[in-house]
Amino acid sequence: MDSQDDELLQLFLDESREHLDGIEDDLLTLEESGVDIDSDLINKVFRAVHSIKGAAGFFGLTKVKELSHAAENVFGQIRKNELVPTPDIVSQLLDAMDVLAGMINSPDTSEDEDISSYTDSLKAILDGSLDAGEKESIDEKILIKNDKGDTIFEVSGFEFDKALKSEKGGSFYYLLEYDLLGDIERKGLTPWDVISELLQLSYFIDSKIDMTSVGTLENLNTSPDIIFYTLISTALDPDVMNAFIDLEKHKIKQVLLDDLKNSASTQDQTETVEASKPPVPEVQVQEIPVEATPAPAEVAPVQAVPAKKAAPAKRKPKKRKSAPKVEATSVRVNVNVLDKLMTLAGEMVLTRNQLLQSVSQNEMYLVERASQRVDLITTELQDAIMSTRMQSVSIVFNKFKRIAHDMSRDLGKNIDLVLEGEDVELDKTIIEAIGDPLTHLVRNSIDHGIEMPDKRIAAGKNAIGTIKLSAFHKAGQVVIEIIDDGGGINVAKVSEKALSTGLHTKEELDSMSRSNLLKLILKPGFSTAEKVTDISGRGVGMDVVYSNLSSVGGVVDISSDEGKGTTIRIKLPLTLAILPSLLVEFEDQSFAIPQVNLVELQRIPATDISKRIETVGDVTVMRLRGELLPIVSLKEVFNIEETTFVNPSNNTREKNKRQNIADRRNDAQNQDTKPVEKKARSSKDRRYSTQSAINIVVVAAGDFRYGIIVDTLLDSAEIVVKPLGRHLSDCRGYAGATILGDGRAALILDIIGISQLMNFDESKDLAKKLAEKKASKTGKDLQSLLLAENAPNEVFAIPLGLVERIEKIHKDQVEIIAGKAVLRYRDQSLMLFAIEEVAGVEPRADLQTIFVIIFKIGGREAGIMVSKLVDIVEIDAEIDTLSYKQDGILGSLIISEKITLFLDLHGIATKSMPDWEMQKAETREVEGGESVTPLILIVEDSKFFLNQISGFVSEAGYDVLTAIDGADALNVLEQSEKNIDLILTDIEMPNLDGFELTEKIRADARYKDIPVIAITSIMGDTAVQRGKEVGIDEYLVKLDQDQILERSKEFLKNGRPQA
Amino acid sequence: MNMNIENTKNSVIEFVVFKLGDHSFGVEISNVQEINQNVEATEVYDSPDYVSGVVNLRGQIVTVINMHKRLNIDYEETDAQMRNIVVESGGEFIGLLVDAVEDIVTTNSSELLSPPTTTDSNIGKYLFKVYKMEEDLVGILDIEKLLERTH
């Protein structure tokens, strides 16, 4: 077939697909209605199959024709109310329709399809519905021949009867011969036009394209025609037939078969048939009108071919071949929309002319006006074009009726599928992409979610399980929900599985929220876990569902109540092609961030940066309304080695010296390692200019949020998404590219991709980060305090530096052994202390979960129990050591206008476990019991810490001198009568800081061998580096009593390590 | 040198000759969509190092390949002669950033020689023929191989 025919074939296939699309649904409705058949519905189904049959003949798709024919017969019987569509019949029809759809989707192989089992079973159904006479008529074959005596069609009498009684049919039968070339193409028609026309006014009995007349040598010259034969039945009598059919008269032949029938078939024709038949003398194919050009060909004498009675076909075991998927390449467009597009295109042309004219006239106001119009028209045009791509989700939803029908039958479950919001529209590409994932989810719900009826009844539920599938608009997105009232997901099993497959550690799992635990089933590792499927229901292939949906910007959310059911919520963008986005600038380059991922924009003034941004482990976090959000700079995402910034003083771009966004004052310390920076920077050099504020775009990847640091926020714009080339397909940070107003290409950030690149894991929540906080890199002299609640509203502060980690446990895990609370933990037992046992405070709130703050004391670990973690703060507030001082409490301070008690971990431990204290005392005996009591100088500007440190140091038996800053320390060194054996110094101090002090000490021959230990609130790598350079021997955390004493002892014994 | 003269087909072949440093290369003209001035490409961070960026070619995003880096030929500052040869490969347009476009040569395919085995393998693996043009040897590139995705 040539290309035009290809086009026609395509048209036919498209149309057929459309017919078949709805059929499944209609059949299921028919099944439901049983005896009370909706005649409109069955007519629709009948017509659909009938048109497929009609056109299939033309394309030589005989198998398609046969099958649709067989189905049509059955539908015919249903239509006549002679057959009740029982579930069994409907199932078989559905199967046949599946095969039909399959053949239509792959027309090239349709001829090889073995459809006999389907046609046989349909025929058996048909047979069962027929009375004796009709059965006879089915087996009787009437041969219709053309002028040359070739048999064109072999039709059963039943067909003629059916035609007669059908909607468009009538008592006249015609054989039409279309010459494909002369009658169709030369008239500017397509076969399709002809077929549709015929379908309008008649009933198609059969059609065929006669290829035999083409190839033979003899008639090569005379008759190169390709003849398209159709056998139709109509109510139009021969006189008017000409008026309707645009065909030469001799090509319209009336088929007179009455006598033929009478003589051939058994006599019990139904009355009506008999009566309606015109009395025609001869069995002939006659030409109309009477013009006697070529002699009327004789119609085959009726041969009632003995029927090979089809064995009442048993339905073959179902091999449900799913129809090959075909992506629709054409779209049907409403004529109104098309008209609108035309109008808009016209408008566009007019406006362009205006624009060109006004530009040439150099009239700015005219240009402005025209460009406004362009703006308007473009928007409208865009909407109109987009609307042609929009399709309703019913396309996807409707197939679930069938799935529910089939699966509930196979599984023996009772399922009520409720569909809602089927008219919600989505872009074609999205509709196509969500089909499979949704099918998977629905199947999962039916298969694993809904329980067997007896189990449901036992659980006090309705025996019929309900699955609700609904689509609705929400916040510019479409939400699809799959809600079942089944067994729900067993979260415990899920986490068990996650643990056993090594996906997560126990700690991670314990700290995860319920919704995050549920989401684990979307992880790839889970898909292979058969066990989860058996027990709790979900898991197979869910990762595929997840990734498929993600690929079209969908976001999946799961919630489940064990025993009550599961809800899966999918958020989808309306369209993919045009993306409302925020344009941002980084390193002088524009990037687009899709609006759907956008949560909010945050501008953090330079003065607030230290308060709001900090580094936890290797993640920088931002404080946003009490929540810690990880933030990234695109520099980190894309491993950009050197970044620049706009120097606010001269507005030029300079190389950035910051290693880390939270690095501020530490810049000065980098100078030696970074040759770029020549001049020393004083602390006044901090960028306290408005321009050094940080812009953070808070984005959401699913319901996980994080911040992206950008240089500049530009504008929001609707961008057109263009794919990236194959060389860039491995770059996970980009969702594509777009073209900006100035014609430059810009990249679109893939928010989900970036979160994966950065290994942001939703399960790493606050508690874990807090534990990691120890390794913080900032070097400020601020105290990082972990705030926790014991009794409601009573807040305690613990220096973060002392916290080893935090565990979240269930209260039942706490064992009481010999009056002491103990947590069994990694084959060890961990001593747990309650604050209220030592200090006079309210007892801990009785909650299910307990947070255990683990710290080290005397070389072992112990935990303090609290009911709730509140926050981490970095403050520099003065600690009041008078008002609240008592056992276990060092003092109080005001944080966020609330009184916060500063916990004395060491005190609590020693009070609770006096034995431990005894051991400590012994060791100290040795330290202090040297012949000469060592003298330690403690340099610390905070009175609170000075007291604390000198307190425990002297308590350990050392002599102590104190100084309040570096300058003071030098004085003390100078004036001390005794030799100072060790210096403990703070770093951040007025007048002379710890670094400078150490430099001076090392420069002085008298002191250069004194070990110097820095005691700080938080250690940063850069600070440690700097410290090493100036000659600090060790870094320790303030208030880490154990460590300070132990290391001091070490240094006192061995002196400074010789460099 | 081991140069076997190809003696299969005697068809006319046309190719664009361009410079990369001191080397001359050619791409068959049937692969070439157009030759543009070098415009500033949008840098794509985290991309393979031979990708110099993406540019907009009448509404299509074109990946620009830095041929110096692709073929491991030392890079020297060049002047405004730089050109972007846009070729079609695998259904997409890809730009080849070269130092200068020299000539378009029409010759008989029998004039083409097999690449000498002694060629630097970094370059040699992308050559499918060599053409002797006056004093210069022009390496005709196998576009598909050249543009294969590598890591």
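Lettering of chains follows the sequences in order, A, B, ..., and the numbering in each one begins at 1.
- Nearest heavy-atom pair, A:Ala745 versus B:Asn56, reported as atom, atom and distance to 0.1 Å: CB-N, 4.1 Å.
- In terms of heavy-atom proximity, A:His727 sits nearest to B:Glu148 at NE2-O, 4.0 Å.
- Residue A:Ser590: no heavy atom, backbone or side chain, is found under 4.5 Å from chain B.
- Proximity to chain A is limited to the backbone of B:Val55, based on heavy atoms less than 4.5 angstrom apart.
- Between A:Phe638 and B:Tyr45, the ring planes lie parallel to each other; the angle is under 30°, not in the 30° to 60° tilted range.
- With a 4.5 Å cut-off on side-chain heavy atoms, B:Ile94 and A:Arg726 count as touching.
- If you measure heavy-atom distances from B:Gln60 to chain A, the contacts under 4.5 Å come from the backbone alone.
- When the candidates B:Val54, B:Ile65, B:Val44 are compared by the number of heavy-atom contacts under 4.5 Å with chain A, B:Val44 comes out ahead.
- Side-chain contact check for B:Asp46 versus A:Val637: every heavy-atom pair is 4.5 Å or farther apart.
- Only the side chain of B:Thr63 comes within less than 4.5 Å of a heavy atom in chain A; its backbone stays farther off.
- Looking only at distances, no side-chain donor or acceptor of B:Ser47 sits under 3.5 Å from a matching main-chain atom of A:Leu728.
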